[in-house]
Amino acid sequence: MKVKNKYVPLLLTALFFAAGCSNTKYLPEGDMLYVGGSVKVEDSLISKKERKALESEMEDLLRPKPNRKILGMRVKLFFYNLAGEPKKDKGFRYWLRNKVGEPPVLFSQVDLDYNADLLQNYSENKGYFKTITSADSTSRNRKARAEYTVEPGRQYKIRNVIFPSDSTMLDSTIMSVQKRSRLRPGRPYDLGVIKTERERIDRRLKQKGYYYFNPDYILVQVDSTVGNHEVDLLVKVKEETPQKARQVYKIDSIYIYPNYSITSADTLMYNENAVEQYKDFTIIDPEHTFRPIIYDRTLFFHKGDIYNRRDHNLSLNRLVNLGTFKFVKNEFKLADTISNKLNAYYYFTPLPKKSIRVEVLAKTNSANYNGSELNVNWSNRNTFRAAELLTISAFGGLEVQVSGQNKGYNVYRVGSEASLVWPRFITPFKVKDSSAYVPRTRAMVSYEYQNRARLYSLNSFRSQFGYLWKNNIRTEHQLNVADINYVSPANVTEEYNDRVKENESLGRVIEKQLIFGPTYSYTFTNTMRRFKKHTFYYKGSLDLAGNITGLVMGADVKGGNQKEILGVPFSQFVKMEHDFRHYLRLGRNSQLASRIIAGVGLPYGNSRELPFIRQFFIGGTNSIRAFRARAIGPGSHDPTADEDEFLADQSGDLKLELNTEYRAKLFSVVHGAIFVDAGNIWLWNKNEAKAGAEFTKDFYKELAVGTGVGLRFDLSFLVLRTDLAFPIRKPWLPENERWVLDDIDFGSKYWRRENLVFNLAIGYPF
């Protein structure tokens, strides 16, 4: 049955009307459906912006919440009514009513007086001490709304903040921490800020040894009789505060139980032969599972130290980050009843020393390849009895390009890797670290065999030795002192050799490559703060290959003096890449995400160009989504070819990419996105085979631009992403014809085939 377009709006209207009617049809006799409440703040002394903010805050306090809406309809309530009363506690109707649907929120459940009192209390806690509130309701078609009016009056502000005099040591300490107080003259009175200030003082006291103190021992007295809508605040210690909360405590003995079981008390029983004394630590470990050196590197407390909450938390964080213990428990007890000394007790439950894990992964990459991979990992978490992690893994996988010029040329990968991680810096000199995160030294060797069907195979060997460390939860450093990569071709087919004769740049893919030198990366992110309006992610990397070797050997490929090691020319270059992302929170379920990537690689000495595996690529599912993977540039070079034939990956020495994407939750697990991507890659040097590929001052005129829409299915354990995009600027066209907005024609089958790009991927693009 076909429906004419002019009837569609009428059908949608009828559907909405039917959904609305059915939601009130089944209500109890004499009751109404509660559809929400509103708050109106009436006060001429408050600015319009402040009134709107106050109204929004108060509306969030109203209870109960009405039935949720999706696209203007109470869909869950609709399904609840549609299912009817099930006859048994299972089956489709029971599932539809109780899992998919939700019962109606009735107006009889709304307590107007309770909500009015709640709003009044909230206002007074914000400093509006003479607030008047009233409540009313309106109804229509068996639907009712609650309406609240709030007259807050003038807000009281802080005149003076008086901290305790230094009559005792505790008073003196509190007096010394007032510098960063949140209670300041001139600021509005706010009960929430007062509670926050009590917690701040408690944290500072914990830093100074007051182990048994807590925020409830702080009293803030408010004097609102000083006039002129102002208050004086007196901060003091409650008189009933116990003596032990007023004392500074020091660490006495430190006991460690490395094989503690949370299910058996027998692990606390030991004989004298099980006790080992190491520096300030008393270790009860009959099996000598761990060498005592790990405690010296993770525990910040020593005998005689003043108790400090920071050292307390740092020690626990470092113990957890070792990755060796399943549970970490810690407690402090008075050494005796008359002294101010604490004994520290640490109880550790180790993870199994050896384990094997098998993983089957679904994966996607920037080249539009999708596939699966099987990983088998064997681990030893305590290789040399100091929490070293030895991992040996083997993997095999298949990658298929579903939509791209290279479909049919599948990629098969097999390989293995062995790595050893020490939970400390291994250096010729001593490095002091005081963060909550254990620094790591890592050594790795790997081999991978990659076969590109019908074309060629590559053997890749890699080894690394370096360090990983974090200053805090937001920053991370990775320095590889040595990073060696050797790539050798095998089984190059005649088909590929024939293509190399037609396109010399394809020959670079199968060249032998030897790359060695240090690499460094720095990462900063605060995106874990989900409710912050602005969050950022930045990763910068530096790759230095063959620099000292090329200098010592006098390498100069342009002068005909290219040097080799073991018969292979080594690469010499400097490469930097910067990835900056900004996330703007627009609402509870929406945000604007933006990204800028800028990369530059400079070959010199022993190299004319960057090695192929270290060059930049652009386009694809995680890049400019309106263009096929690695099919843009370099510069204004035309990469187009028959999609039924193999097309070379386009690569460059420089890269610029800009992306912005609006994301919003539509319903349930479905999220939507609208995006615009732009960018390109370029070469440093002129290439006769690639006209227009060289970087010039007019590089900005060669940016490719694409736009599109997408859906994301957030299944908690993974995010499945679909994007439909199309180009609006093609850099290989003549300069005055690159914008192709006028060519957009969704009704044209030819335009859709040539321009619409569908991307299927796992995870967000950035």
Quick one, Arg595 with Asn659, criterion side-chain hydrogen bond (donor to acceptor under 3.5 Å, both in side chains). Give me CA distance, side-chain angles, the key distance, then yes/no. CA-CA 5 Å; Arg595 177 177 68 177; Asn659 316 86; 3.1 Å; yes

Given side chains that start at C-beta, do those of Leu62 and Leu119 come closer than 4.5 Å, heavy atoms only? yes

When you measure from the side chain of Arg585 to the backbone N and O of Thr535, does any donor-acceptor pair fall under 3.5 Å? no

Which heavy atom in Pro103 sits nearest to a heavy atom in Leu77, and how many Å separate them? C-CD1, 4.0 Å

Pairs touching residues 183-194 that satisfy side-chain hydrogen bond (donor to acceptor under 3.5 Å, both in side chains), sequence neighbours left out: Lys126-Asp190

Heavy-atom count around Ile473 CD1 within 6.0 Å, excluding the residue itself: above 12? no

Within the supplied structure, the quantity of interest is the number of heavy atoms (other residues, nucleotides, ligands) at a distance under 6.0 Å from Tyr114 OH; does it exceed 12? no

Distance only, no hydrogens: is a donor on one side chain within 3.5 Å (strictly under) of an acceptor on the other, for Ser47 and Glu50? yes

Side chains of residues 210-219: which donor-acceptor partners sit under 3.5 Å, not counting sequence neighbours?
unit_1 : atom_1 : unit_2 : atom_2 : d
Tyr210 : OH     : Thr173 : OG1    : 3.3
Asn214 : OD1    : Asp216 : N      : 2.8
Asp216 : OD1    : Arg198 : NH2    : 3.4

Asn340 side chain vs Val248 backbone, donor-acceptor pair below 3.5 Å: yes

Can you find a pair of side-chain heavy atoms, one from Thr707 and one from Asp677, that are under 4.5 Å apart? no

Do Tyr249 side-chain atoms and Ser339 backbone N/O form a donor-acceptor pair below 3.5 Å? no

Do Arg625 and Phe675 form a cation-pi contact, if we require the NZ or CZ to be under 6.0 Å from the six-membered ring centre and within 45 degrees of the ring's axis? yes

Donor-acceptor contact below 3.5 Å, side chain Asn472 vs main chain Thr475: yes

To check you understand the geometry: which heavy-atom pair defines the closest contact between Leu666 and Gly672, and what is its length? CG-N, 3.7 Å

Any donor-acceptor N or O pair under 3.5 Å, side chains His312, Asn330: yes

All heavy atoms of Thr131 vs all of Gln120, minimum pair found to be O-NE2, 3.6 Å

Looking at Ser123 and Pro152, would you say the former's side chain and the latter's main chain have a donor-acceptor pair under 3.5 Å? no

If you count every heavy atom of other residues, nucleotides or ligands that lies below 6.0 Å from Lys533 atom NZ, does the total exceed 12? no

What's the shortest heavy-atom distance between Ile158 and Val161, and which atoms? CG2-CG2, 3.6 Å

Checking side chain to side chain contact (heavy atoms under 4.5 Å, CB included) for the pair Thr527/Tyr583: CA distance, chi angles, key distance, verdict? CA-CA 8 Å; Thr527 54; Tyr583 301 91; 3.7 Å; yes

Examine distances only and state if a side-chain atom of Arg51 and a backbone atom of Ile46 form a donor-acceptor pair shorter than 3.5 Å. yes

Ring of Phe766, cation from Arg663 - is the NZ or CZ under 6.0 Å from the centre and inside 45° of the axis? yes

Would you check, one step at a time, whether the test side chain to side chain contact (heavy atoms under 4.5 Å, CB included) holds for Met32 with Lys143? CA-CA 5 Å; Met32 294 179 287; Lys143 296 178 181 178; over 6 Å; no

Checking the side chain of Asn308 only, and the main-chain atoms of Gly209 only, is there a donor and an acceptor separated by less than 3.5 Å? no

Just so I know, are the side chains of Val150 and Val39 near enough to count as touching, which here means a heavy-atom distance under 4.5 Å? yes

Is there a donor-acceptor pair under 3.5 Å between the side chain of Gln109 and the backbone N or O of Leu106? yes

May I ask you to check whether over 12 heavy atoms, not counting those of Lys65, lie within 6.0 Å of atom NZ? yes

Whether Asn125 side chain and Leu191 backbone form a donor-acceptor pair below 3.5 Å: no

Residue pair Asn317, Tyr437: steps toward the side chain to side chain contact (heavy atoms under 4.5 Å, CB included) verdict: CA-CA 7 Å; Asn317 286 339; Tyr437 299 89; over 6 Å; no

Could you tell me whether the side chains of Tyr538 and His578 share a donor-acceptor contact shorter than 3.5 Å? yes

Taking C-beta and beyond as the side chain, do Phe163 and Ile201 meet within less than 4.5 Å on heavy atoms? yes

Decide yes or no on side chain to side chain contact (heavy atoms under 4.5 Å, CB included) for Leu342 and Leu334, but give the supporting numbers first. CA-CA 5 Å; Leu342 297 171; Leu334 283 171; 4.1 Å; yes

Is Asp305 close to Asp311 at the side-chain level, that is, under 4.5 Å between some pair of heavy atoms? no

What about the rings of Tyr307 and Phe332, do their centers lie closer together than 6.0 Å? yes

Looking at Tyr148, does the NZ or CZ of Lys40 lie under 6.0 angstrom from its six-membered ring centre and within 45 degrees of the ring axis? no

Ignoring hydrogens and geometry beyond distance, is a side-chain donor-acceptor pair present between Glu59 and Ser38 at under 3.5 Å? no

Hey, mind stepping through Arg200 and Asp202 against salt bridge (charged side-chain N to carboxylate O under 4.0 Å, His left out) and telling me if it holds? CA-CA 5 Å; Arg200 185 194 71 86; Asp202 177 64; over 6 Å; no

Heavy-atom side-chain proximity of Asp43 to Tyr128 below 4.5 angstrom: no

Answer yes or no: is there a side-chain heavy-atom contact under 4.5 Å between Val177 and Lys208? yes

Nearest atoms (heavy-atom pairs only) where Val705 meets Ala678: CG2-CB, 3.9 Å

If we ignore hydrogens and angles and just use 3.5 Å, is the side chain of Ser139 paired with the main-chain N or O of Arg142 as donor and acceptor? no

Using every non-hydrogen atom in the two residues, find where Ala436 and Asn321 come nearest and quote the distance to one decimal. O-ND2, 3.3 Å

Would you indicate whether Lys157, at its atom NZ, is surrounded by more than 12 heavy atoms from other residues, nucleotides or ligands within a distance under 6.0 Å? no

Is the count of non-hydrogen atoms from other residues, nucleotides or ligands lying under 6.0 Å from Glu331 atom CD greater than 12? yes

Any donor-acceptor pair under 3.5 Å linking the side-chain atoms of Asp31 with those of Ser108? yes

Contact between Pro188 and Tyr156 at the side-chain level, heavy atoms closer than 4.5 Å - yes or no? no

Would you say the side-chain atoms of Asp223 and Gln221 include a donor-acceptor pair closer than 3.5 Å? no

Is the Lys NZ or Arg CZ of Arg474 less than 6.0 Å from the centre of Phe524's six-membered ring, within 45° of the axis? no

So is Arg97 actually on top of Tyr80's ring, under 6.0 Å and inside 45° of the axis? yes

Assess the side chains of Asn98 and Arg93: does a donor N or O sit below 3.5 Å from an acceptor N or O? no

Between His671 and Asn589, is any side-chain donor less than 3.5 angstrom from a side-chain acceptor? no

Per-pair distances, 0.1 Å, donor-acceptor, side chain in residues 227-237, under 3.5 Å, sequence neighbours excluded:
unit_1 : atom_1 : unit_2 : atom_2 : d
Asp232 : OD1    : Arg159 : NE     : 3.0
Asp232 : OD1    : Asn160 : N      : 3.2
Asp232 : OD2    : Arg159 : NH2    : 2.6

His534 and Asn526: side-chain hydrogen bond (donor to acceptor under 3.5 Å, both in side chains), yes or no, with the steps? CA-CA 9 Å; His534 296 275; Asn526 64 350; over 6 Å; no

Could Arg712 and Glu661 be called an ion pair, given the rule that one side-chain N must be under 4.0 Å from one carboxylate O? yes

